[in-house]
Amino acid sequence: MKRAGFVNRWLPMLLLAPQLVIIAIFFYWPAAHALHSSFFLQDPFGFGSTFVGWENYTDLAGNSEYRRIAWFTVLFTCLVTFFSLALALLLAVKADKVIRGARTYRTLIMWVYAVAPPVAGFIGVIMFNQSWGPLTRVFEYFGHDMTLGVNYNDTAFAMVLVSIWKQVPVNFIFFLSGLQSIPKSIREAALIDNRSASGRFWDVTFPLLAPTGFFLLIINITYALFDTFGVIDTLVKGEPGNNPMTLVYKVYVDGFRGNDLGGSSAQSVILMVLVLILTVVQFRLVERRIHYT
Amino acid sequence: MTEANPAAMAATAATPATRHRRRLRSGDILDHAVLIAGALFMLLPLLMVLQMTTVPDVEVIKTGPTLTIGDQLDENFEKAMFEASGFSGENTGVRMLINSFILGIGFAVGKIVIGMMAAYAIVYFRLRFATLAFWIIFTTLLLPLEVRILPSYEVVQKLGMLNSFQGLIIPLIASATATFFFRQFFRSVPEELVEAARIDGAGPVKFFIDILVPLSKTMVAAMFIIMFVYGWNQYLWPTMITTDEDMFTLVRGIKQITQVMEGNRIPEYGRANLLAIIAIVPPVFVVIFFQSWFVKGLTESDK
């Protein structure tokens, strides 16, 4: 609050009212509802529900399919996060270094930020088309018959690739702005001390980028967990079948297709706890980031 | 924001002779090669999809993307924009485009207006329950819509807002990203400003409209770009809330487009690809043309 704030009884309340009403109805009510119904077993025909305590949760823990999906989600998140960060860092370092065409390169790389995940998934479907997709042909050349939506591993590969493609621009923008905020004096000092470019990068630039990197790590994990829904939904063409899926997609499939409200709510609550932990870590990092710069 | 490494810039600017020598260094060539490869990785898929919108569907089935540019763009455009793909005959490309704009702009404007108002109340007023309000609002940053999607759907259903723009837009606004962003910005506005305004006898409403809003112009623009793209690209929420085909947005319709494309005897690749391009163009346009605002907004808001 500002020291010289206004004193007024009704105006601030009036200003806050729209925001508070919207989040009460569309945030707190649903969140409480999810928590509540995760302890109940819903009748499949909609006639009431019975209290089952932690049963929905223990069921999940014992469910081998759920465990398999959780395992895939972890693997998927690691792959997407690592490769999109690494690729973006490489491109950002090069884009920061070149003199000619720096702006053009920046534009050519960052435009994908504005592509919606399901549209990215659609482009993936085109690229991996069974009979003429360019990427299918590349695999054919190496003697592998790529079948998107049929073979588990092929579909998983396409999901990871498309998700990386979609995420590189965000990381690129953050890394580039992080690189450009490194003071000129530090760069010049490093130039005198260390003649090898790669030595300069690992000893000086990389540690200075670490706060940005940590922050992006959380952003990327959140992206891989939640925002890839559209990519997955279009790549499996709405038919989960034998295809790999992430935990968020499973919540949707169980709740909407399977009508297992209790189980789906329990899954939601597990994800909520996961996001809560990630966000707390993120807030800590944001604070640290401010101290760094 | 500088465009290039200042040290390298100084080295290049030295003399024409050194500049010439620098340009031929193998390291520079490698840098450009990496960047060109990166740009191609991002760009090639789009170019292939673009090429396929210009040739007849039969040719796509035979050869896939090629290097030739055909003459079918007009025809595909006509089909994509004015012919409906669903059963009701209502989801033409034009309809979906309009819906996408309503969602993108409605979401961005709603979020900015509500966020600015709340942030103003929190930062500039002496309020007994300010801390409480702050925490109530900022807890919403913790849980994205995706994890509370089912109960949110039930609430909207109970309120009878399915298949309406209110039901589409308002629940998406129930998160505090814009409020948080404007709170940070308002706190960086010098204290003297509000003191001077009060000495001059300006009330809170006058101060907000005449001083604070004009001061936040750049911030509003940056927020608008980010929120417009975010709203335009929404997928899961519209998929659940809108079942009437005349309410579909372009991004919401993409799955149906894929299914229609696969279901036909001769898949309509030209039309499907063109609709995907149309779904991409407006947000990409906004991001590219307002690049500096957008980058500033993105990197300074920290989510």
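If you're wondering where the values come from, they're calculated on a predicted model, not measured in any experiment.
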Region of [X] in contact with chain B, defined by heavy-atom distances below 4.5 Å:
| X | result |
| --- | --- |
| Y28(A) | side chain |
| V93(A) | neither |
| M127(A) | side chain |
| L176(A) | neither |
| F27(A) | both |
| V112(A) | side chain |

Top contributor to chain B interface from [options] [non-hydrogen pairs under 4.5 Å]:
| options | result |
| --- | --- |
| G230(A), P134(A), A31(A) | P134(A) |
| L271(A), T104(A), V170(A), I173(A) | I173(A) |
| L274(A), L135(A), V280(A), T107(A) | T107(A) |
| D227(A), V269(A), L247(A), L108(A) | L108(A) |
| L278(A), L179(A), V251(A), L11(A) | L11(A) |

Contact class of [X] relative to chain A, heavy atoms under 4.5 angstrom:
| X | result |
| --- | --- |
| L40(B) | neither |
| V60(B) | both |
| K158(B) | side chain |
| M52(B) | side chain |
| F285(B) | neither |
| Q234(B) | neither |
| A197(B) | neither |
| Y153(B) | side chain |
| S175(B) | backbone |
| A39(B) | both |
| V287(B) | both |

**Message:** Looking only at the side chains, is there a donor atom on one of D233(A) and Y252(A) sitting less than 3.5 Å from an acceptor on the other?
**Reply:** no
**Asked** Have T66(B) and Q51(B) got a donor and an acceptor in their side chains that come within less than 3.5 Å?
**Response**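 Yes, Q51(B) and T66(B) have a side-chain donor paired with an acceptor closer than 3.5 Å.
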Closest heavy-atom pair and its distance - [X], [Y]:
| X | Y | value |
| --- | --- | --- |
| T249(B) | S100(B) | CB-OG, 3.4 Å |
| A119(B) | F182(B) | CB-CB, 3.7 Å |
| I136(B) | T140(B) | O-CG2, 4.0 Å |
| L91(A) | L35(B) | O-CD2, 3.6 Å |

**Asked** Which one of I123(A), I232(A), V231(A), T234(A) satisfies the side chain to side chain contact (heavy atoms under 4.5 Å, CB included) criterion with P118(A)?
**Response**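 The option that passes is T234(A).
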**Request:** Applying side chain to side chain contact (heavy atoms under 4.5 Å, CB included), run through K111(B) and I226(B) and close with a yes or a no.
**Result:** CA-CA 11 Å; K111(B) 192 125 183 167; I226(B) 291 168; over 6 Å; no
**Asked** Mind checking what makes ring-ring contact (aromatic ring centres under 6.0 Å, His included) contact with Y113(A), not counting sequence neighbours?
**Response** F294(B)
Which of the residues [options] is involved in the greatest number of heavy-atom pairs with chain A at under 4.5 angstrom?
| options | answer |
| --- | --- |
| R183(B), M117(B), R252(B) | M117(B) |
| I288(B), V251(B), V229(B), I137(B) | I137(B) |
| L172(B), V34(B), V49(B) | V34(B) |

**Prompt:** Is the Y105(A) ring parallel, tilted or perpendicular to the H32(B) ring (thresholds 30°, 60°)?
**Reply:**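 Rings of Y105(A) and H32(B): tilted, as their planes differ by 30° to 60°.
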**Prompt:** According to the interplanar angle, ranging from 0 to 90°, do the rings of Y235(B) and F229(A) count as parallel (below 30°), tilted (30 to 60°) or perpendicular (above 60°)?
**Reply:**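 Tilted: the ring planes of Y235(B) and F229(A) meet at 30° to 60°.
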[X] side chain to [Y] backbone, donor-acceptor under 3.5 Å:
| X | Y | answer |
| --- | --- | --- |
| S264(A) | D254(A) | no |
| W232(B) | A116(A) | no |
| N233(B) | A114(A) | yes |
| R198(B) | F6(A) | no |
| S268(A) | A34(A) | no |

**Prompt:** Which residues, numbered in order, of residues 13-22 of chain A come under 4.5 angstrom of chain B by heavy-atom distance?
**Reply:** M13(A), L14(A), L15(A), L16(A), P18(A), Q19(A), L20(A), I22(A)
**Prompt:** Crowded around F83(A) CZ? As in, over 12 foreign heavy atoms under 6.0 Å?
**Reply:** no
**Message:** Does Y124(B) form a ring pair (Phe, Tyr, Trp, His ring centres under 6.0 Å) with F208(B)? I'd like the steps, not just the answer.
**Reply:** CA-CA 10 Å; Y124(B) 280 95; F208(B) 185 59; 8.7 Å; no
